[in-house]
*Asks:* 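Could you have a look at this structure, given as structure tokens, before my questions?
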Amino acid sequence: MSATEARLPSELFLSEDKKAWFIHDRFGMFIHWGLYSLAARHEWVKSREEIPDAAYQRYFEHFDPDLYDPKAWARMAREAGMKYVVLTAKHHEGFCLWDSKVTDYKVTNTPCGRDLVADYVEACRAEGLKVGFYYSLLDWHHPDFPTDIFHPQRNLPDTASFNAGRDMTRYAAYMREQVTELLSNYGKIDIIWFDFSYPGRDYKGMPGKTRHDWQSAELLQLVRRLQPDIIVNNRLDVLDIADAMPDVTTPEQYTPRQWPMVKGQKATWEVCHTFSGSWGYHRDETTWKSPEQLVQILIDSVAMGGNLLMNVGPTARGTLDQRAVDALAAYGRWMALNARSIYGCTAAEFAAPRDCRLTQNGKRLYLHIVNWPFRHIHFDGMAGRIAYAQFLHDASEVQVLEPRFDPLNHLTAVNVPEGTVTLELPVRRPDVVVPVIELFLK
Ligand code: GLC
């Protein structure tokens with residue numbers, strides 16, 4: 001940070017009350033869709049395979065998602081229990097899904113020929129979903145974007161001549177024009193998801209890119225002016241010059257161990273995950289998560305006070321393939337009966353019993369049983385605090401046992417430590433991927 005660099009005042013960040021909807025809703029859909037969907041081998045294919053523009057052009061020339069039906073996407077998101085959606089308006093490849101006036105590298109110039117963002121926004125609103133855009137700070141197509149560690153042309157024998165005349169100042173202005181389009185032409189937008197900064201990631205003498213490259217301060221001011229209530233994620237590299245917490249902190253593809261702390265405080269946070277490791281459609285990827293894992297990722301997030309943004313990578317025809325449809329349906333089945341343990345919930349004020357996760361909403365506690373035990377769950381410190389207990393999926397009573405003595409062995413059979421409550425379970429797990437017990441506190 002240079003000594004003269006201006007700090008970003010707290011007005012540029014959202015107050016808690018403006019984020020209340022987001023924290024309440026907990027669960028959103030990420031959509032990664034672009035030219036890489038045709039390659040169908042990861043959205044970083046251009047970088048991974050070091051593909052030059054001329055070769056990558058074949059995806060542009062064949063982009064024709066004839067089955068694109070954003071109403072179906074939005075309906076599937078809603079049925080899965082998701083409350084907001086974030087679409088890659090532009091990913092690192094630089095291709096724009098909307099009719100941007102400042103580039104030719106856009107959907108309206110492909111065989112598709114129409115603005116896909118407009119239909120997406122309308123479809124989300126019709127299903128009652130909040131609307132977000134992902135916007136890549138990286139751009140592997142823009143003529144002013146110099147090579148760096150991630151750029152497809154990073155290993156050219158002569159990057160210096162490739163980079164000659166490339167001007168990040170012009171590129172930063174281009175980003176502001178694009179963000180102005182996205183945040184002016186589609187009504188109220190609820191989330192903007194910038195991705196990403198990489199200070200210190202130098203490679204062969206090419207520096208990583210930072211807020212100075214993006215002109216993050218100007219970008220953020222612009223966003224705030226155009227959409228005062230929008231949630232902006234934390235990847236603009238401004239944490240150390242900000243006089244406030246970022247609107248949302250965004251761990252990626254792992255489950256945090258505890259509530260993420262930023263500047264010594266509990267952050268508003270949202271983890272993003274994939275169904276199968278790739279964000280863009282990946283035909284041959286096979287590490288698809290099981291329904292149990294999917295549901296547990298959601299529970300784990302809320303149990304640590306966070307949100308989950310779960311990704312789908314539509315195909316180049318514009319459809320969700322069967323694996324994605326099935327994964328969404330797994331969420332839908334569980335959420336249809338158990339959403340009460342997710343919406344409006346946060347980390348509980350009590351420690352969870354063994355093999356369980358807890359969420360809480362006021363005087364209701366939600367005990368998620370991740371590993372079904374034999375007959376008893378012992379909940380320390382809860383004696384005298386539970387008014388009633390039931391399974392959430394069918395509202396059947398769960399009996400709360402008093403301490404009992406085992407005369408055969410002269411042992412306290414259940415409820416060993418003082419103050420522990422024991423919940424009596426059926427021997428067989430109910431047919432729910434993660435059963436939930438709703439505890440009404442006194
Ligand atoms: C990473 C990747 C990217 C993906 C993003 C989602 O930063 O660069 O492809 O869009 O994660 O968080």
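We count ligands from 1, going down the list as the structure has it; atoms in each ligand are counted the same way.
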*Asks:* Out of Glu93, His273, Glu252, whose heavy atom is nearest to atom 1 (C) of ligand 1?
*Replies:*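 It is Glu252 that holds the nearest heavy atom.
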
*Asks:* Regarding Ser100 and Glu181, do their side chains bring together a donor and an acceptor under 3.5 Å, going by distance alone?
*Replies:*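 The answer is yes; a qualifying pair exists.
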
*Asks:* Going by the order shown, which atoms of ligand 1 are within less than 4.0 Å of some heavy atom of His32?
*Replies:* 4 (C), 10 (O)

*Asks:* Under 3.5 Å, is there a donor-acceptor pair between the side chain of Trp269 and the main chain of Met304?
*Replies:*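 Indeed, once roles are kept as given, a pair shorter than 3.5 Å links the two residues.
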
*Asks:* Considering the heavy atoms of Tyr134, write down every atom of ligand 1 situated less than 4.0 Å from one of them.
*Replies:* 10 (O)

*Asks:* Run the numbers for me: atoms of ligand 1, each under 4.0 Å from some heavy atom of Phe196, listed by number.
*Replies:* 7 (O), 8 (O)

*Asks:* For Gly305, does its backbone N or O pair with a side-chain atom of Arg26 as donor and acceptor, under 3.5 Å?
*Replies:*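 Yes; judged by distance alone, with no hydrogens or angles, the pair exists.
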
*Asks:* Which one holds for Trp193 and ligand 1: side chain close, backbone close, both close, or neither close, with close meaning a heavy atom under 4.0 Å?
*Replies:* side chain

*Asks:* Test of understanding: given a 4.0 Å heavy-atom threshold, classify the contact between Thr250 and ligand 1 as side chain, backbone, both, or neither.
*Replies:*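 No part of Thr250 is near ligand 1 at this cut-off.
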
*Asks:* Should Leu358 and Tyr366 count as side-chain neighbours, where that means a heavy-atom distance under 4.5 Å?
*Replies:* no

*Asks:* For Arg283, does the CZ atom sit with more than 12 other heavy atoms under 6.0 Å from it, leaving out its own atoms?
*Replies:*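 Open.
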
*Asks:* Check each atom of ligand 1 against the heavy atoms of Asp195 and keep those under 4.0 Å away; list them by number with element.
*Replies:* 1 (C), 2 (C), 3 (C), 4 (C), 5 (C), 7 (O), 8 (O), 10 (O), 11 (O)

*Asks:* Under a plain distance cut-off of 3.5 Å, with no hydrogens placed, do Tyr186 and Asp115 share a side-chain donor-acceptor pair?
*Replies:* yes

*Asks:* Using a strict cut-off of 4.0 Å, indicate which atoms of ligand 1 neighbour a heavy atom of His91.
*Replies:* 3 (C), 4 (C), 9 (O), 10 (O)

*Asks:* Just jot down the ligand 1 atoms closer than 4.0 angstrom to any heavy atom of Cys272, in number order.
*Replies:* 12 (O)

*Asks:* Of the backbone atoms (N, CA, C, O) and the side-chain heavy atoms from C-beta on, which set of Arg235 has a member under 4.0 Å from an atom of ligand 1: side chain, backbone, both, or neither?
*Replies:*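 Side chain only.
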
*Asks:* Short list, please: which atoms of ligand 1 are under 4.0 Å from a heavy atom of Glu43?
*Replies:*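 So the atoms of ligand 1 that pass are 3 (C), 9 (O).
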
*Asks:* In ligand 1, which numbered atoms sit nearer than 4.0 Å to a non-hydrogen atom of Trp44?
*Replies:* 2 (C), 3 (C), 8 (O), 9 (O)

*Asks:* Side chain to side chain contact (heavy atoms under 4.5 Å, CB included) with Ile189: which of Ile231, Val223, Leu226, Val131?
*Replies:* Val131

*Asks:* Between Asp237 and Ser216, is there a side-chain donor-acceptor contact under 3.5 Å, judged purely by atom types and distance?
*Replies:* no

